[in-house]
Amino acid sequence: MNININEKDRSFKIDTDNTSYIIGIADEEAFIGHVYYGSKVEDEPLYLMRTGEPPFVPSRNNRDRGSFMDTFPCEYPGNGLGDYREGAIEIVDDGGYSAVGLTYDGYEINDGKPRLTGLPATFENESSKAKTLIIYASDKVTGLKAELMYSIFEGSDAIVRSVKIVNSSDKDIFLTKVMSASLDMDSEDFELLTLHGSWARERQIDQRPIGYGKTSVGSVKGESSHQEHPFMALVEKGVSQEIGRVYGFSFVYSGNFLAQAEKSQFDSVRVMMGINPGNFKWQLRPGESFQAPEVVMVYSDEGLGKMSRTYHDLYREHLIRSPYKDRERPILINNWEATYFDFNTDKLLAIAREAKKSGIEMLVMDDGWFGGRKDDNSSLGDWNVNEEKLPGGLKYLVDEVNKIGLKFGIWMEPEMISPDSDLYRAHPDWAIQIPGREGTRSRNQFVLDLSRPEVVEHTWNSIKNVLSSANIEYLKWDMNRQITDIGSFGLNKENMGELSHRFVLAVYELQERLIKEFPNLLLENCSGGGARFDPGMLYFGPQIWCSDDTDAIERLGIQEGTALVYPLSSMGAHVSDCPNHTVGRVTPFETRGHVALAGTFGYELDITKILEEDRAMIPEQTAMYHKYNKLVRSGDYYRVASYRENGYYDCYGVVSKDKSEALYTFVQVKGRPNYHSRLIRLSGLDPDKKYRSDESTEVFYGRTLMKAGILIPGLWGDYRSKLIHLCEV
Ligand code: GLA
């Protein structure tokens with residue numbers, strides 16, 4: 001990897017092992033242009049900025065400045081100065097004007113990568129160092145300055161971008177839009193791949209052509225959301241796992257976002273990603289700065305699979321900090337689907353005793369243990385134990401669970417406040433609401449106004465008190481509603497547009513305090529299932545609950561979409577009871593285990609009540625987890641076949657970095673009558689190594705298994721699954 005400046009031609013070249021990213025400075029006015037992003041090249045093809053073609057560069061032909069601005073491939077486009085495509089930055093200055101245009105001032109190239117104040121961000125580690133380019137730019141009229149930051153890491157093909165805006169004038173400037181990255185390219189008929197969803201159907205892969213005009217996904221829900229996801233990829237038509245050009249963009253942020261592609265009249269495409277400008281207005285006083293979150297760009301010319309593996313490695317090695325990152329996580333049993341709100345100490349201890357017999361290692365007590373909470377209508381904010389359900393309190397329960405030989409974990413939803421709670425009765429102004437309007441309830445709860453320091457302090461003390469009151473080794477941090485009614489009793493009118501971002505910054509601050517104060521705690525983030533499954537949250541906790549849908553078949557699509565960007569080690573996945581509580585489907589217990597194995601693995605059922613034959617399989621499954629978890633956690637992920645595409649079966653594999661071991665999971669979603677065994681061509685193996693499967697004495701070259709394939713014998717019935725474990729011989 002390297003970053004070079006060519007002083008003579010005024011251009012910058014960022015090289016990762018396999019990709020190049022080139023920026024050029026054009027004209028005496030020093031416009032910052034985007035030259036090239038793609039497979040690694042030796043040269044700097046500055047002609048791609050097309051500054052020599054009519055319409056001419058403005059300083060030579062000012063009459064055509066407008067058409068120049070509207071076609072120039074701009075590295076970080078401004079607003080309102082002749083470029084009618086959407087700008088990456090928009091402002092309102094002291095005179096009420098919204099125009100802004102950033103031109104080049106200078107640069108810095110440094111070893112390492114600076115932290116982004118208050119924000120989650122990728123970092124260098126011992127074995128893979130970083131290099132960073134900062135391009136300094138400014139708007140010569142308003143005095144607004146920008147630092148465009150680009151970082152790369154040894155051994156990774158990711159390029160990480162972010163932007164810092166500084167007000168160097170002596171007047172207030174309001175930022176109304178600050179994208180973290182923008183990229184102008186020739187459109188080349190790319191298609192847009194995004195992850196769409198809903199509650200219980202998160203991150204379904206969606207692909208569509210990029211037409212003229214704007215195509216976008218985004219969230220204004222105060223979190224990254226179930227519905228759209230802070231990721232998009234521009235893909236070549238016909239892209240597959242192994243073939244085709246792919247540009248991936250992943251946003252390291254957990255709040256409102258916008259990801260957009262705009263195809264222009266000249267068939268260029270402008271891609272941008274950043275905080276959603278909807279409801280956003282940030283006051284920047286003289287001397288103040290605003291740090292935008294970062295975007296991780298990955299280019300692959302070998303299809304989607306290589307892009308996914310690049311993201312997985314980067315997020316495992318350069319984003320997730322938890323000490324559990326490289327450790328087996330305890331196999332947990334969570335009581336949510338087992339009991340919902342109807343539990344007490346005896347019920348939990350009965351589950352714990354039975355769980356211990358089967359090799360389960362931790363009991364997690366979910367929602368309903370605090371205040372007067374009997375259902376989801378009350379008590380959020382009252383984080384004191386309900387002694388009616390848990391006589392003797394948390395300490396007694398946790399000690400008893402520990403005596404059984406299990407660890408203990410707990411559920412909290414710290415950002416919330418129920419209208420029916422002591423906290424709300426004492427501080428009604430602590431909820432996000434617009435004075436004079438009846439607050440919009442969702443799940444009968446409001447969201448705490450974390451833009452207020454006293455609310456953050458109170459929330460922190462609640463979390464700390466709970467976690468210090470007993471030997472609690474895991475926290476499931478939930479967020480069960482989205483934010484609306486953007487109003488704070490603590491902010492004045494100039495700053496109301498800061499609420500959503502300030503809320504996210506406060507969540508980050510709370511989680512930072514949490515991991516500093518409780519460094520050995522295993523943190524699992526969650527949001528009504530997987531509505532806040534994003535890289536921002538992974539910076540604090542190594543795993544995120546993927547979805548409230550625990551049905552093994554629904555999970556195939558959810559986990560496929562999630563694994564497009566995120567490592568399997570981060571995907572919360574459990575075996576649950578049947579008929580499944582979300583879709584009513586009945587699947588074999590074995591299949592549920594195989595599918596959950598692709599994530600963190602655990603149980604979400606009443607182990608004292610399930611069928612004897614299912615319970616009898618749990619020791620086998622927990623042993624299977626211990627056997628394969630290291631491989632699943634640290635290996636390379638290969639998507640072999642997708643039920644979404646073929647309608648019949650799913651197959652994916654994990655291959656160890658040294659290619660000496662591989663585990664493939666095959667799920668036959670639909671049985672097929674009168675059908676022979678199915679041919680599957682494996683991927684990811686070393687063609688020159690020889691492998692044997694656990695079930696056979698025969699040995700084959702990786703090349704044979706990948707080119708000729710293997711045969712999966714017909715399985716009897718729907719929803720059947722099979723693991724194929726290969727070891728090098
Ligand atoms: C959310 C979570 C569930 C469970 C419930 C409790 O929906 O995703 O796993 O914790 O909240 O209310």
Side-chain angles (χ1 to χ4, degrees), residues 197-203 221-227 254 329 332-343 347-348 351 362-383 386 389 408-418 420-421 441-447 463 466 472 474-483 507 522-534 537 541 543-551 554-555 558-559 562 570-577 580-583 592 596 599-606:
S198 182
W199 174 76
R201 300 192 249 119
E202 293 89 341
R203 290 173 294 285
K221 298 184 169 199
E223 61 175 359
S224 39
S225 91
H226 296 100
Q227 287 72 19
S254 312
R329 324 274 159 87
L332 64 83
I333 184 160
N334 175 305
N335 75 308
W336 179 240
E337 288 195 26
T339 65
Y340 294 102
F341 294 98
D342 181 19
F343 62 86
K347 259 197 201 177
L348 294 176
I351 291 176
M362 179 161 73
L363 175 78
V364 173
M365 177 171 67
D366 211 281
D367 192 356
W369 57 266
F370 50 91
R373 191 137 162 116
K374 298 184 189 66
D375 50 33
D376 59 12
N377 289 318
S378 80
S379 306
L380 294 166
D382 298 345
W383 298 109
N386 179 336
K389 284 184 182 175
F408 185 86
I410 202 165
W411 177 99
M412 286 184 82
E413 201 181 350
E415 300 151 72
M416 297 294 151
I417 179 166
S418 302
D420 180 6
S421 66
R441 296 183 187 201
S442 174
R443 215 190 190 208
N444 217 359
Q445 64 197 58
F446 293 134
V447 183
I463 300 169
V466 169
I472 298 173
Y474 159 110
L475 173 66
K476 178 175 172 187
W477 178 312
D478 210 339
M479 185 214 190
N480 270 325
R481 66 156 288 180
Q482 287 88 34
I483 308 181
V507 172
L522 173 56
L523 172 63
E524 175 156 354
N525 275 300
C526 172
S527 177
R532 206 160 56 179
F533 199 122
D534 57 61
M537 299 314 281
Q543 61 194 58
I544 305 176
W545 185 229
C546 214
S547 174
D548 278 344
D549 197 333
T550 50
D551 172 68
E554 294 302 313
R555 273 294 180 123
I558 296 168
Q559 293 181 185
T562 307
S570 66
M571 301 198 308
H574 295 167
V575 176
S576 66
D577 201 5
N580 177 268
H581 294 196
T582 333
V583 280
R592 286 175 255 160
T600 54
F601 197 77
Y603 292 85
E604 179 114 7
L605 40 73
D606 189 342

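Every number for a ligand or one of its atoms is a count from 1 in the order of the listing. The model shown is predicted, which means the values in this text are computed figures rather than measured ones. The figures here come from the full heavy-atom set of this structure, side chains too, leaving out hydrogens, waters and symmetry mates.
Protein residues with a heavy atom under 4.0 Å from ligand 1 are W336, D366, D367, W411, R443, K476, D478, N480, C526, G528, G529, W545, D548.
Shown here are the salt bridge (Lys or Arg N to Asp or Glu O under 4.0 Å) partners of D478, two or more places apart in sequence or in another chain: there are none. When the ring pair (Phe, Tyr, Trp, His ring centres under 6.0 Å) test is applied to W336, the partners found at least two apart in sequence or on another chain are Y340, F341. Every ring pair (Phe, Tyr, Trp, His ring centres under 6.0 Å) that F601 has, sequence neighbours left out, goes to Y603, Y625.
Looking at K476 and D366, a side-chain N of the basic residue comes within less than 4.0 Å of a carboxylate O on the acidic one, giving a salt bridge.
The backbone N or O of N335 sits less than 3.5 Å from a side-chain atom of T339, completing a donor-acceptor pair.
Side-chain contact between F408 and M362 is absent, with no heavy-atom pair separated by less than 4.5 Å.
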